[in-house]
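Take a look at the structure below.
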Protein chains: 2
Amino acid sequence: MHMEVLAMATIKDVAARAGVSLGTASRVLSGSSQTSPDSRSRVLAAAAELQYVANGPARALRRARTDVLGLLLPDIRNPFFSELAHAAEQEARRLGYTVLLANADEDRDQEAAYLRTFASQRIDGLLLAPQQGGSPELESLHASGLPLVLVDRAVRGLDAPLLSTDNAQGVAQALAWLQAGGHRDVAFVGGPAAISTGVERRDAYLAGRAAHGISTDDALVDAGDFQLGSGTDAMLRILDRGVRPTAVFGADGLMTAGAMRALRQRLGDEARAVEVVSFDDLDWFDLRSPGISAVVNDAAEIGRLGVAALADVIAGRPVASQRIATTFVDRRPAGGTA
Amino acid sequence: MHMEVLAMATIKDVAARAGVSLGTASRVLSGSSQTSPDSRSRVLAAAAELQYVANGPARALRRARTDVLGLLLPDIRNPFFSELAHAAEQEARRLGYTVLLANADEDRDQEAAYLRTFASQRIDGLLLAPQQGGSPELESLHASGLPLVLVDRAVRGLDAPLLSTDNAQGVAQALAWLQAGGHRDVAFVGGPAAISTGVERRDAYLAGRAAHGISTDDALVDAGDFQLGSGTDAMLRILDRGVRPTAVFGADGLMTAGAMRALRQRLGDEARAVEVVSFDDLDWFDLRSPGISAVVNDAAEIGRLGVAALADVIAGRPVASQRIATTFVDRRPAGGTA
DNA sequence: CTGTTAGCGCTTTCAC
DNA sequence: GTGAAAGCGCTAACAG
């Protein structure tokens with residue numbers, strides 16, 4: 001006994017069944033120009049009967065356009081980026097685009113590989129949160145004229161619109177909060193020195209701490225690579241230098257979570273006495289007790305504006321870089337610090 | 001002043017520059033058949049000089065194959081699925097496929113829309129964690145012979161290989177843990193009755209609770225839709241019935257987190273006295289004090305095996321459904337329950 | 001408003 | 001081993 005796999009119907013089949021020419025069928029199906037109500041309904045009926053689904057590659061080849069946007073992110077498991085992806089996708093759908101989402105896994109080679117894939121897929125535009133330092137693939141993709149918008153992170157020497165967080169503002173909010181809590185010994189778990197957000201947040205922190213009454217002892221400062229385990233490692237290094245911070249500031253949600261794990265490993269339940277503030281707010285920061293205060297970095301807004309900007313670039317409209325403001329959530333218990 | 005956008009080089013340009021025929025250039029570039037070392041090196045050189053990138057749609061049109069797999073998930077922001085996506089993507093790359101990732105947002109219409117998009121893109125196969133009850137789009141996609149593998153959730157009446165968690169086993173582990181803790185009044189925050197994981201976990205819990213000394217009062221049971229807010233709502237409903245559970249069991253990570261939020265809203269810091277166990281382990285469950293115990297549902301393994309199974313289906317090899325075993329992490333403080 | 005036709009870029013016969 | 005040529009499914013230009 002044989003299971004018949006029905007071959008996909010083509011537009012030619014639809015035209016034949018509807019008794020019209022191939023051209024007319026195409027016009028009805030793509031809505032590109034006027035057709036008589038009669039042929040319209042017959043084509044539509046035929047298409048439905050045959051379960052016709054347009055062949056995307058053929059259409060793309062002919063139109064030199066795919067209606068697909070690429071979205072290349074550093075780490076899909078980082079809540080900041082999964083939130084950004086979600087919002088970007090919603091906006092893209094609204095604008096009639098499909099999103100091809102890819103995950104560079106904080107790895108340059110993998111980013112380069114996806115850049116090549118995207119190039120060969122002939123996407124209409126790319127929304128990218130880049131790895132450190134760019135790559136030849138990125139250079140040539142941009143040079144080839146592919147519409148490109150950067151989100152979250154800058155690339156030195158790459159002249160493309162960038163939608164990023166106001167990192168200096170966010171750090172200032174955290175510093176003010178630390179000062180209000182009377183903290184002097186604050187541990188800072190930064191991000192990679194090769195990524196713009198890592199640099200901007202670290203620089204703002206180092207430059208601002210003295211004015212906020214915070215120790216300038218660099219033994220209190222270390223960095224990871226924006227993946228959870230590295231935050232733990234960085235915090236362990238800090239603690240192993242013998243310092244005893246009364247508060248910790250993590251340069252992103254994952255660095256903060258990682259630092260908290262280190263705190264628990266070394267201090268057990270005493271860890272709860274260390275106040276925590278994070279750049280990026282995570283879903284569960286209000287569930288811990290005491291709560292974790294956070295700079296709210298609006299991933300959804302960045303994703304939405306990024307896609308809108310990309311659509312503008314594709315349409316040839318002028319687009320400017322933009323900094324997104326942060327807000328702050330104070331989850332310190334009413335009574336003040338311990 | 002004009003910025004020249006260099007047109008993408010085609011294989012024809014490469015052939016001309018290398019001084020060979022179009023056919024030879026194609027053979028070298030796709031490695032499909034033998035070529036002389038001489039023409040090989042000249043074609044490769046020409047391709048490099050022109051920064052040639054093959055036109056994917058043209059290739060797909062001709063070969064009737066795209067080397068792209070679709071991955072359609074219910075919610076990219078659910079850590080279970082972002083972990084699954086990450087693992088699936090790694091495995092797909094290893095096998096020479098690119099993954100097109102899409103997010104149904106726990107919404108049937110959006111799932112149907114992406115199913116249509118995938119169909120028109122002519123993906124080589126689909127890895128799907130479906131919405132409730134299937135859809136005409138899914139039926140016809142499957143009927144058309146598109147290689148299909150289901151992950152995490154079943155669809156009634158759809159005969160496709162399924163890689164899913166052993167939900168009964170996981171619930172049994174949680175029940176044993178609850179019993180060991182001496183709990184009688186346990187709140188259960190389930191998932192949607194229309195999703196197989198929701199049903200299986202609820203049924204296993206309801207069927208097993210009495211034998212584990214747990215109250216069979218249904219006032220203690222409610223359900224959400226696997227999105228965080230709904231877990232909070234469900235738990236609030238339970239609490240508002242006047243019951244006072246000593247432990248809570250969440251049917252997935254998000255239901256658990258949502259329930260915890262409700263607990264804090266109603267009980268404040270007293271919430272810490274309520275023990276928590278979750279189906280799905282989240283990154284931060286060890287950071288709360290007391291820790292949250294969890295059934296470990298191996299998303300990465302499911303993603304990996306799912307892609308491998310899909311590759312088998314594509315290659316025409318036989319594939320069987322498979323249940324993935326769970327493990328359990330007990331994070332109850334040494335001294336036992338309060 | 002409709003039919004006919006060329007051709008997008010590529011792979012793959014078919015000859016040589 | 002290579003060149004010439006056909007054709008994948010579709011859209012758009014051109015006649016009518």
Side-chain angles (χ1 to χ4, degrees), chain A residues 6-44 46-47 50-68 116-124 144, chain B residues 6-44 46-47 50-68 116-124 144:
Chain A
L6 23 146
M8 282 272 191
T10 73
I11 199 169
K12 211 165 140 190
D13 303 326
V14 174
R17 187 168 181 110
V20 299
S21 78
L22 200 166
T24 300
S26 169
R27 280 182 277 259
V28 170
L29 262 10
S30 65
S32 62
S33 87
Q34 292 298 344
T35 51
S36 77
D38 180 52
S39 37
R40 184 178 154 70
S41 62
R42 296 170 59 194
V43 168
L44 259 20
L50 296 173
Q51 305 212 49
Y52 172 74
V53 180
N55 184 313
R59 170 176 284 182
L61 176 58
R62 182 59 232 231
R63 299 200 311 170
R65 189 158 75 77
T66 52
D67 296 327
V68 172
R116 282 190 293 269
T117 302
F118 280 149
S120 92
Q121 303 262 300
R122 298 296 198 267
I123 57 173
D124 288 352
S144 79
Chain B
L6 23 146
M8 283 272 190
T10 72
I11 199 170
K12 211 166 142 191
D13 302 325
V14 174
R17 188 169 180 109
V20 299
S21 77
L22 200 164
T24 301
S26 169
R27 281 182 274 258
V28 170
L29 262 10
S30 64
S32 61
S33 88
Q34 291 298 343
T35 51
S36 76
D38 181 51
S39 36
R40 183 179 155 71
S41 62
R42 296 169 59 191
V43 167
L44 259 19
L50 296 173
Q51 305 211 50
Y52 171 74
V53 181
N55 183 312
R59 171 175 283 182
L61 177 57
R62 185 57 231 235
R63 300 201 310 171
R65 188 158 76 78
T66 52
D67 296 327
V68 172
R116 282 190 294 269
T117 302
F118 280 149
S120 92
Q121 304 261 297
R122 297 297 197 266
I123 57 173
D124 289 352
S144 79

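Numbers restart at 1 for each chain; the letters A, B, ... are given by sequence-line order, proteins then strands. Note that the structure is a prediction, hence the values are computed from the model and not measured.
With sequence neighbours excluded, the residues satisfying side chain to side chain donor-acceptor pair (under 3.5 Å) with B:Thr24 are B:Ser21. Annotation: side chain to side chain donor-acceptor pair (under 3.5 Å) contacts of A:Ser26 (sequence neighbours excluded): none. For B:Ala18, the side chain to side chain contact (heavy atoms under 4.5 Å, CB included) partners are B:Val20, B:Arg42, B:Val43, B:Ala46, not counting sequence neighbours. Under the rule for a side chain to side chain donor-acceptor pair (under 3.5 Å), B:Ser33 has no partner lying at least two apart in sequence or in another chain. A search for side chain to side chain donor-acceptor pair (under 3.5 Å) contacts involving B:Ser39 returns B:Ser36, not counting sequence neighbours. Annotation: side chain to side chain contact (heavy atoms under 4.5 Å, CB included) contacts of B:Arg40 (sequence neighbours excluded): B:Val28, B:Thr35, B:Leu44.
Distance check: B:Gln51 CD to A:Ser144 OG gives 8.5 Å after rounding to the nearest 0.5 Å.
Distance alone, capped at 3.5 Å, is enough to place a donor-acceptor pair between the B:Thr66 side chain and the B:Arg122 backbone.
In terms of heavy-atom proximity, A:Val14 sits nearest to A:Ala47 at CG1-N, 3.9 Å.
B:Val68 is not listed as a side-chain neighbour of B:Asp124, based on a closest heavy-atom distance of 4.5 Å or more. Using a 4.5 Å cut-off on side-chain heavy atoms (C-beta onward), A:Thr10 and A:Asn55 make no contact.
Relative to the axis of its first five pairs, the axis of the last five pairs of the helix from C:dC1-D:dG16 to C:dC16-D:dG1 sits at 40°, rounded to 10 degrees.
Heavy-atom distances to DNA chain D give each of B:Arg122 and B:Pro37 a nearest nucleotide, and the one nearer the 5′ end belongs to B:Pro37. For the pair B:Arg62 and B:Gln34, both in contact range of DNA chain D, the more 5′-proximal nearest nucleotide belongs to B:Gln34.
Here A:Ser39 lies in heavy-atom contact (under 4.0 Å) with sugar-phosphate atoms only. Nucleic acid contact for B:Ala60: none, since no nucleic acid atom lies under 4.0 Å from a heavy atom of the residue.
Think of the region where chain A sits on DNA chain C: with heavy atoms and a 4.0 Å cut, that region ends 5' and 3' at C:dC1 to C:dG9. Here the range on DNA chain D touched by chain A, meaning any atom under 4.0 Å from one of its heavy atoms, is D:dG9 to D:dA13.
The salt bridge (charged side-chain N to carboxylate O under 4.0 Å, His left out) contacts involving residues 7-35 of chain B comprise B:Arg17-B:Glu49, where partners must be two or more places apart or lie in separate chains. Applying the salt bridge (charged side-chain N to carboxylate O under 4.0 Å, His left out) test to every pair with at least one member in residues 53-64 of chain B, sequence neighbours left out, gives these pairs: B:Arg63-B:Asp67.
Near DNA chain C, meaning a heavy atom under 4.0 Å away, the residues from residues 13-27 of chain B are B:Leu22, B:Gly23, B:Ser26, B:Arg27.
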